[in-house]
Protein chains: 2
Amino acid sequence: MRIGELSERTGTPRRLLRYYEEQGLIFPSRCANGYRAYDESLVDRILQIRGLLDAGLPTRIIKQILPCLNKPRVIHFSDATPEMIATLEDERDRMTERIECLVRNRDAIADYLDAVRGDKRPDAAPEASTTP
Amino acid sequence: MRIGELSERTGTPRRLLRYYEEQGLIFPSRCANGYRAYDESLVDRILQIRGLLDAGLPTRIIKQILPCLNKPRVIHFSDATPEMIATLEDERDRMTERIECLVRNRDAIADYLDAVRGDKRPDAAPEASTTP
DNA sequence: GTTGACCATCACATCGATGTGATGGTTCGA
DNA sequence: TCGAACCATCACATCGATGTGATGGTCAAC
């Protein structure tokens, strides 16, 4: 597909699809006329990239971890240098920290919302303190 | 404490402590001479802010959710306007999406790392496919 | 009272992600 | 053949989070 369709199907501005390519995150091929040609699988990949960007990872890191994700899992052990491994372990741990921070705060928000709602309708409170 | 100590204890540049204040995330009091005076509890708060920032939340959102987090949980239901509630629900859901995306990708990295390590030391592979 | 380590404000620079517009080529249907 | 709808590249602007430096006040120790 061409850039317009990919843009529509992923909700991503064309500008950014070109930017992700420039950053080395995707490698669309080219038609004879110079138009970019995107493979079907890039729809998911773009979504994945955007999710990671939204979660705070920079393109530099995304570029490093993408090659290791959802691959045939059989080939490509060749390019796993020790530095790469260390980088990945680092990033895995950083992601775990991010996850924990997000979970903590999201749960706090959820608790607050539950409390506010429980305050307004004290009958349907889902906790265990209403019927003693 | 003053800004220098807070900066050291949180690993945050003074510049950013002032920036967070400018963005309405923290409200240090002032000494007679104009120096900012930070309460002990702000150490954790700064860490929390940095974690959320690192996880991709903008200060604008952090400013909205902070008042609802780890508070006495008793007072302050007054300022919960319906729009505020809606914003919080939105943000809670967005955080959940972020979390799921991060977990998916972190697990993929972890799996990859396990596979690579299992490839190098096929004896201690933790999965269930080595001893048939 | 001077020095050095703090602090203040303010302005400007940078960096990554994104928006926007200028300019021009390709394709295709009216 | 013309115009609309794509596409290309390129340059510049914006925005939020940060870095950096200029300029000057406060205070404790010497």
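Throughout, a chain's letter reflects where its sequence line sits, starting with A, and its residues are numbered from 1.
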Participant: Provide, to the nearest angstrom, the distance between the CZ atom belonging to Arg18(B) and the C1' atom belonging to dA11(C).
Facilitator: 14 Å

Participant: Starting at atom OH of Tyr38(B), determine the distance to atom C1' of dC7(C), rounded to an integer number of angstrom.
Facilitator: 10 Å

Participant: If I take atom CD in residue Glu22(A) and atom P in nucleotide dA8(D), what distance separates them, rounded to the nearest angstrom?
Facilitator: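 Value for this atom pair: 14 Å.
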
Participant: In terms of the nearest nucleotide of DNA chain C, which residue is placed more toward the 5' end: Gln23(A) or Ile3(B)?
Facilitator: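 Nearer the 5' end of the strand: Ile3(B).
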
Participant: Whole Å only: how far is the CZ atom of Arg14(B) from the C1' atom of dC6(C)?
Facilitator: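 It is 8 Å, rounded to the nearest whole Å.
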
Participant: Take atom CE of Met1(B) and atom C1' of dC7(C), then tell me their distance rounded to the nearest Å.
Facilitator: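 So the CE-C1' distance, Met1(B) to dC7(C), works out to 16 Å.
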
Participant: Between Asn33(B) and dC7(C), is there a side-chain N or O to OP1/OP2 distance below 4.0 Å?
Facilitator: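 No, Asn33(B) has no side-chain N/O under 4.0 Å of OP1/OP2 on dC7(C).
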
Participant: Return each pair, listed once, that meets side chain to side chain donor-acceptor pair (under 3.5 Å) where at least one residue sits in residues 49-62 of chain B; pairs must be two or more places apart or across chains.
Facilitator: Arg98(A)-Asp54(B), Tyr20(B)-Arg50(B)

Participant: Which sits closer to the 5' end of DNA chain D, Arg2(A) or Arg60(B), going by the nucleotide each is nearest to?
Facilitator: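 Closest to the 5' end, via its nearest nucleotide, is Arg2(A).
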
Participant: So which protein N/O to nucleotides 18-20 of chain D N/O distances come out below 3.5 Å?
Facilitator:
unit_1  : atom_1 : unit_2   : atom_2 : d
dT18(D) : OP2    : Tyr20(B) : OH     : 3.3
dT18(D) : O4     : Arg15(B) : NH2    : 2.9
dG19(D) : O6     : Arg15(B) : NE     : 3.2
dG19(D) : O6     : Arg15(B) : NH2    : 3.0
dT20(D) : O4     : Arg15(B) : NE     : 3.3

Participant: So does Glu40(B) pair up with Arg9(B), basic N to acidic O under 4.0 Å?
Facilitator: yes

Participant: Using the salt bridge (Lys or Arg N to Asp or Glu O under 4.0 Å) rule, pick out the option among Arg14(A), Arg30(A), Lys63(A) that qualifies with Glu21(A).
Facilitator: Arg30(A)

Participant: Roughly how far apart are Leu25(B) CG and Ile49(B) CD1, rounded to 0.5 Å?
Facilitator: 4.5 Å

Participant: List the residues meeting side chain to side chain contact (heavy atoms under 4.5 Å, CB included) with Ala37(B), not counting sequence neighbours, and say none if there are none.
Facilitator: Ser29(B), Cys31(B)

Participant: Atom CG of Leu17(B) and atom C1' of dC6(C): how far apart are they, to the nearest Å?
Facilitator: 15 Å

Participant: Relative to the 5' end of DNA chain D, which residue comes earlier, Tyr35(A) or Arg30(A), by the nucleotide with the nearest heavy atom?
Facilitator: Tyr35(A)

Participant: Would you mind reading off the distance between Asp54(A) atom CG and dG16(C) atom C1', rounded to a whole angstrom?
Facilitator: 15 Å

Participant: From CG of Leu6(B) over to P of dC6(C), roughly how many Å is that when rounded to an integer?
Facilitator: 15 Å

Participant: Of the options dC7(D), dA17(C), dT26(C), whose atoms approach the side-chain atoms of Thr59(A) most closely?
Facilitator: dA17(C)

Participant: For salt bridge (Lys or Arg N to Asp or Glu O under 4.0 Å), just list the numbers for Arg18(B) and Glu22(B), CA-CA rounded to whole Å, side-chain angles, deciding distance to a tenth of an Å, and then say yes or no.
Facilitator: CA-CA 6 Å; Arg18(B) 301 198 182 100; Glu22(B) 183 190 314; over 6 Å; no

Participant: Between Ser7(B) and Thr12(B) (side chain of the first, backbone of the second, donor and acceptor by atom type, cut-off under 3.5 Å), is there such a pair?
Facilitator: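 Looks like yes, one N/O pair under 3.5 Å.
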
Participant: Could you pull out all residues at least two apart from Tyr35(B) that satisfy side chain to side chain donor-acceptor pair (under 3.5 Å)?
Facilitator: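 Once residues adjacent in sequence are excluded, Tyr35(B) has no partner under the side chain to side chain donor-acceptor pair (under 3.5 Å) criterion.
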
Participant: Polar pairs (N or O, both sides) under 3.5 Å between protein and nucleotides 28-30 of chain C?
Facilitator:
none

Participant: Got a list of side-chain donor-acceptor pairs under 3.5 Å for residues 82-89 of chain B, not counting sequence neighbours?
Facilitator:
unit_1   : atom_1 : unit_2    : atom_2 : d
Glu83(B) : OE1    : Thr81(B)  : OG1    : 3.0
Thr87(B) : OG1    : Glu83(B)  : O      : 2.9
Glu89(B) : OE2    : Arg117(A) : NH2    : 2.4

